[in-house]
Participant: 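Below are the structure tokens for one structure; questions will follow.
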Amino acid sequence: MDYSDIVAFHGHQCPGLAIGYRLASAAMAALNVTRAGDEELVAIVENDACGVDALQCLTGCTFGKGNLIFRDYGKQVYTVYSRKTGTGVRVVYHDDGVPPECRDDRQKREEFIRNGPQDAIISLSFVEIDEPETARKRKSVNCAICGEPVMETRLRDTDAGLICIPCAEQIRA
Ligand SMILES: [Zn+2]
Ligand SMILES: [Zn+2]
């Protein structure tokens, strides 16, 4: 996959996309895998910014397939692992590795992030991962208030019965 394909998927070229591209590339190189096909990859992302689109393109991990997991920690960190082996790599982006002369110029910054030495901006460590639940089919139950079918694991058990999250929030409000 060319970088231009990733830009096309994301919709614009930006430093954030470049960060995701470098992080995901570094993770896959460390795991010695190519795009998720034969090797079933899972990615855990600790932000939901531009770069995650590059990760989706490179790893093939998507929300729809259930192998992209979002943790809202506000960090430029991805963990990518192989379901087969349970071994993964956690990659961390370090913006202070971008040279001062590239910092204030958006284009130079993007260029450095994309092509600069990996060691300057990325650290990585290998991790063991417990397999999280994947997006297999789960039973749905109708919410006792709005009547809409809800995935079992997302129901709230309340005095009003088993209800969906929006209805539970309305009751509390
Ligand atoms: Zn962007
Ligand atoms: Zn409801």
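Atoms within a ligand are numbered from 1 in the order they appear, just like the ligands themselves. All values below come from the heavy atoms of this structure, side chains included, with hydrogens, waters and symmetry mates left out.
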Participant: With the Zn ion (ligand 2) at the apex, how many degrees lie between SG of C164 and SG of C167, rounded to 10 degrees?
Facilitator: 100°
Participant: How open is the angle at the Zn ion (ligand 1) from atom SG of C50 over to atom SG of C14, rounded to 10 degrees?
Facilitator: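 That angle works out to 110° after rounding to 10°.
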Participant: Nearest 10° is fine: what angle sits at the Zn ion (ligand 1) between NE2 from H12 and NE2 from H10?
Facilitator: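 That angle is 90°.
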Participant: Can V42 be reached from V77 by stepping across I, L, V, M, F, W or Y side chains whose heavy atoms are under 4.5 Å apart?
Facilitator: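 They do not share one cluster, since no chain of ILVMFWY contacts under 4.5 Å joins V77 to V42.
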Participant: Do Y3 and D5 have a side chain donor and acceptor closer than 3.5 Å?
Facilitator: no
Participant: Decide whether L31 and L124 are clustered together by the hydrophobic rule: side chain heavy atoms of Ile, Leu, Val, Met, Phe, Trp, Tyr closer than 4.5 Å, transitively.
Facilitator: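 In one cluster with L31: L124, yes.
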Participant: Would a distance-only check, ignoring hydrogens and angles, find a side-chain to backbone donor-acceptor pair under 3.5 Å from Y21 to L58?
Facilitator: no
